[in-house]
Every structure is written in structure tokens, then in C-alpha cells.
Number of protein chains: 2
Amino acid sequence: MKQVVELLRTHAIQPSAQRVAVANYVLVTKEHPTAEQVFHAVTATFPTLSRATVYNTLHLFVKKGLLKQFALTEGVLVFDPHVEPHHHFVDDETGAIVDIPWDRIRVEGADDLPGIDVRDFQVVVRGKRQRRRTTNKAT
Amino acid sequence: MKQVVELLRTHAIQPSAQRVAVANYVLVTKEHPTAEQVFHAVTATFPTLSRATVYNTLHLFVKKGLLKQFALTEGVLVFDPHVEPHHHFVDDETGAIVDIPWDRIRVEGADDLPGIDVRDFQVVVRGKRQRRRTTNKAT
DNA sequence: TCGAAAGTCTTGACGTCGTCCAACTTTGGA
DNA sequence: TCCAAAGTTGGACGACGTCAAGACTTTCGA
Ligand SMILES: [Mn+2]
Ligand SMILES: [Mn+2]
Ligand SMILES: [Zn+2]
Ligand SMILES: [Zn+2]
């Protein structure tokens, strides 16, 4: 997409074909993919793309502020194009990570801790998605 | 230690020599060690202990409620003998994880999210430890 | 237009973390 | 005492991630 190329340019990133392909996936997703998920998703349409380039590109995007990086689930980093502050829910059963809007949870005292320069904080909620809501009227 | 043996027994865990050795390290530490750190620390005094047994034992302790397990830093799980709810600070520079008492931070709304059965939540704070406090009287 | 320098990409080797399994040792109750 | 169950071991294996050397591309001044 044209706008991805512009976005990379405005962040001082050369829009190579590989970077544009990665960007068109990872900057658009609502999920929180791992590097391996990005690799598999993008090589589906760009088969010659190498693993090293995926990692290099993701790290570059993080450095340039287009992505954030989290360690929330076992063993892997995930990438998040939603760079404004927000909280996360982690589904125990599937490992899925879901955004919680910043204003949905009130936090007091996290940025005023003795001896600490707080860079950021977030609430991490773990649990299960509820079974089908049966709140609907007669089905 | 004798009390570790008793602790294991009260949690229905056979206190084998290997488990006691692991317990004497991981149930006592104030740090949040990774499995590999546990492995290296305990093999220093119990050289025949195998990696598989360390992992088996840590997972058993988690299942029995003696430890909690978190993914807070890149690539590794950490284990925490402090099983009551509390928050965590992660030092950007060293990766060190430090407990924040539950009451130090007020959180409202995290357990009342639509469509979610919340099992638990915590605040994760990231930043730097401040340079030496110079609040002391004339040194 | 040409060629060098800088930038980018690929391949494949390597390291760490964690799992798994088959073979073994130890344990404790009949 | 004996033996089935429980526990342990070492090594193979897989996923994730890093790194460096070389190849390819783009840029840009002569
Ligand atoms: Mn930006
Ligand atoms: Mn307990
Ligand atoms: Zn997010
Ligand atoms: Zn803790």
C-alpha cells in the first residue's frame, strides 16, 4: 500500500520491498504476533524473505517507534503496532493477547515509586474468555 | 533444612534429595530466577543434578502452589516463591525484577472486564533505578 | 555514464531455553 | 525381602533468536 511507504519514509526508514511487505502485515494487525508469526505470514506472499531480515526489520521498527515489543507469554516476544499506552489481557487457554483501553482501568501510584524512574507501566490481566454470553433475548 | 522437608511434605511432594536442594534455593530467594539460574545455582552444590530434574521440580512446585511463574523479560520464564498477589518492577538496564507490594498501587476496574473471567492481574512497571539518592545528611 | 561507498539482504552456523524419552536408580509398602 | 511405582539422568531434539560473511542494490559524485 502507498500509505505504508509514506509512513516508513516519515520515520526515516528506506522502504525496501522486504520492509514494505513486513510493514503491511505487522503495522496493520490487531493481533500481537511473534516474530515467527510475522515470518510465516509474510513469506506466504514473499517467499524469498529471510528470517534475519524479518528480525532486523522488526527491531528497526521498534527503534523508530512504529512498534512496541512485549514479553507477556512464555518464551516469545510479541510485537504491537498499537504504540499508545494500553493494558493487556492474556487468555490462559489460547495465549491470545487482547488490548484493554487505557481508560478502562484506573491505576494510582504506579508512577510514584521510591527510587525508580518509571518509563512506563501497564496492567496485565490473565484469565479465560467467558463461555458464550446467553444474555440474548429468546434465540 | 528441616523446615523445607516439612514444607514439601505438607504440599504432598516427596522430599527427594534433588527436590530439597532445588527448594532450598528457589523457595528462599528474594530474586526471580530463571530455570537456568536455578540449575546453575543448585548444581554448584549438587553437581549430578540434571537439567530435566530442575525443570520437572520447578513445574511441580508451581502445580503445588509453592511457586509462581511469570514471563516478564525477554525469552525466559522466571519463578517467584512470593505467591501472594503483588506487582513487579523490571529494571530496563539489568533486567532485574523487584517486588512491589500489592497495596502500594491502587488498581480499579481490572477485575470487571466484559467477557473475561479474571484469574489474576498485576501491574508491570518498567524503568530505571535512580542514581544514588543524595538525600542523606552530610556524608 | 561509471564506479565506489553505503545500505540492505541472504545464507547458514551458532547459542540458549525448554521438552521429551528411554533407561536407570531409588523408595517404600506388602 | 522384593518389586512396582516414583523419581532421576543424559542426550537428542525443536523453537526462538543472533550473528557474520558475502552478495546484491541503491545512491551519488566524478
Ligand atoms: Mn510514529
Ligand atoms: Mn502453599
Ligand atoms: Zn496491545
Ligand atoms: Zn515477585
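In what follows, every chain begins at residue 1, and chains take the letters A, B, ... in the order their sequences are listed. The model shown is predicted, which means the values in this text are computed figures rather than measured ones.
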(request) Identify, between B:Q14 and B:A35, the residue whose nearest nucleotide on DNA chain C lies closer to the 5' end. (result) B:A35

Report yes if at least one side-chain N or O of [X] is closer than 4.0 Å to OP1 or OP2 of [N]; otherwise report no.
X     : N      : result
B:R51 : D:dT9  : no
A:H59 : D:dG17 : no
B:Q37 : C:dC17 : no
B:Y55 : C:dG18 : yes
B:T53 : D:dT8  : no

With a 3.5 Å distance limit and no angle check, can you tell me whether [X] reaches the backbone of [Y] through a side-chain donor-acceptor pair?
X      : Y     : answer
B:R51  : B:F39 : no
B:H32  : B:I97 : yes
B:R129 : B:D91 : no

Rounded distance (Å) that lies between atom [atom2] of [N] and atom [atom1] of [X]:
X     : N      : atom1 : atom2 : answer
B:F39 : D:dT9  : CZ    : P     : 10 Å
B:L49 : C:dC24 : CG    : P     : 21 Å
B:Q69 : C:dT19 : CD    : C1'   : 13 Å
A:R9  : D:dT27 : CZ    : P     : 9 Å
A:H40 : D:dG17 : NE2   : C1'   : 14 Å
A:N56 : D:dC24 : CG    : P     : 19 Å
A:L60 : D:dG17 : CG    : C1'   : 17 Å
B:R19 : D:dT8  : CZ    : P     : 5 Å

(request) Return each pair, listed once, that meets ring-ring contact (aromatic ring centres under 6.0 Å, His included) where at least one residue sits in residues 41-63 of chain B; pairs must be two or more places apart or across chains. (result) none

(message) Assuming nearest nucleotide by heavy-atom distance, tell me which of B:S16 and B:G75 is located more 5' along DNA chain D.
(response) B:S16

(message) In this structure, would A:V107 and B:L72 fall into the same cluster of hydrophobic residues linked by side-chain contacts under 4.5 Å?
(response) no

(request) May I ask whether A:L8 and A:V26 are part of the same hydrophobic cluster, defined by side-chain heavy atoms of I, L, V, M, F, W, Y residues being less than 4.5 angstrom apart, directly or through others? (result) yes

(message) Counting Watson-Crick and G-U wobble pairs with both distances under 3.5 Å, what is the dot-bracket string for DNA chain C, 5' to 3', using [ ] for crossing pairs and | for pairs to another strand?
(response) ||||||||||||||||||||||||||||||

(request) Only counting residues at least two apart or in another chain, list the ones meeting side chain to side chain contact (heavy atoms under 4.5 Å, CB included) with A:T45. (result) none

As a test of reading the structure: which of [options] is closest to the side chain of [X], going by heavy atoms?
X     : options                : result
B:A52 : C:dC21, C:dG18, C:dG12 : C:dC21
B:Q18 : D:dT18, C:dC17, D:dT8  : D:dT8
A:E74 : D:dG17, D:dT9, C:dT19  : C:dT19

(message) Surrounding CZ of B:R119 (heavy atoms of other residues, nucleotides or ligands, distance under 6.0 Å), is the total greater than 12?
(response) yes

(message) Taking any heavy-atom pair under 4.0 Å as a contact, classify B:T34: base, sugar-phosphate, or nothing.
(response) nothing

